[in-house]
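All remarks here apply to the structure that follows.
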Amino acid sequence: VQLQASGGGLVQAGGSLRLSCAASRSIFSFNTMAWYRQGPGKQRELVARTTASGSTNYAGSVKGRFTISRDIARNTIYLQMTGLKPEDTAVYYCHAQLLENYWGQGTLVTVSS
């Protein structure tokens, strides 16, 4: 399984970005798919997760600002990020879980103040 993340970049505080994660197989087969992030000097943390049934959950720090969604036909999940803050600066990783854990290569999001 390969996960290809894209969409990162430099944005000013208050701006928006949309991350994409394309999977090499049907995303409907995964138990969960998620976005994690790792900021400078920080541990990797869960940002948002979606399950095979379509339920979602979010880290408290992004709730109301970020939205995870999926396009089953395109085998892709998205993370729509709005109201970005400098503390959202991190490398964002796509994750999928079935019998094993799969990780994408990461995409850098930098939010300037």
* To do: For Gln2, look at atom CD and say whether over 12 heavy atoms of other residues, nucleotides or ligands are found less than 6.0 Å away.
  => no

Establish whether [X] and [Y] are linked, either directly or via other cluster members, by ILVMFWY side-chain heavy-atom contacts under 4.5 Å.
{"X": "Leu108", "Y": "Leu19", "value": "no"}
{"X": "Tyr58", "Y": "Val109", "value": "yes"}
{"X": "Phe30", "Y": "Leu46", "value": "no"}
{"X": "Leu3", "Y": "Val91", "value": "no"}
{"X": "Tyr102", "Y": "Val47", "value": "yes"}

If you define the side chain from C-beta out and look only at heavy atoms, does anything of [X] sit under 4.5 Å from [Y]?
{"X": "Val111", "Y": "Leu17", "answer": "no"}
{"X": "Met81", "Y": "Arg65", "answer": "no"}
{"X": "Ile68", "Y": "Arg49", "answer": "no"}
{"X": "Arg37", "Y": "Leu79", "answer": "no"}
{"X": "Met33", "Y": "Phe28", "answer": "no"}
{"X": "Ile27", "Y": "Thr76", "answer": "no"}
{"X": "Glu100", "Y": "Val1", "answer": "no"}
{"X": "Cys21", "Y": "Ile77", "answer": "yes"}

Which atom of [X] lies closest to which atom of [Y], heavy atoms considered:
{"X": "Thr51", "Y": "Ser55", "result": "OG1-OG, 2.7 Å"}
{"X": "Pro86", "Y": "Ala13", "result": "CD-CB, 4.1 Å"}
{"X": "Ser20", "Y": "Trp35", "result": "O-CH2, 3.5 Å"}

* Asked: Between atom CZ of Arg18 and atom OG of Ser6, what is the distance when rounded to the nearest 0.5 Å?
  -> 9.0 Å

* Atom pair CD (Gln12) and OG (Ser113), whose distance is rounded to the nearest 0.5 Å -> 9.5 Å

* To do: Can you label the angle between the Phe66 ring and the Tyr92 ring as parallel, tilted or perpendicular, going by 30° and 60°?
  => tilted

* Is it true that a side-chain atom of Gln105 and a backbone atom of Ala5 form a donor plus acceptor pair closer than 3.5 Å? -> yes

* Stepwise side-chain contact (heavy atoms from CB on, under 4.5 Å) test for Cys94 and Trp103 -> CA-CA 6 Å; Cys94 179; Trp103 293 94; over 6 Å; no

* For Gln38, which residues count as a side chain to side chain contact (heavy atoms under 4.5 Å, CB included) partner, sequence neighbours excluded? -> Arg44, Tyr93

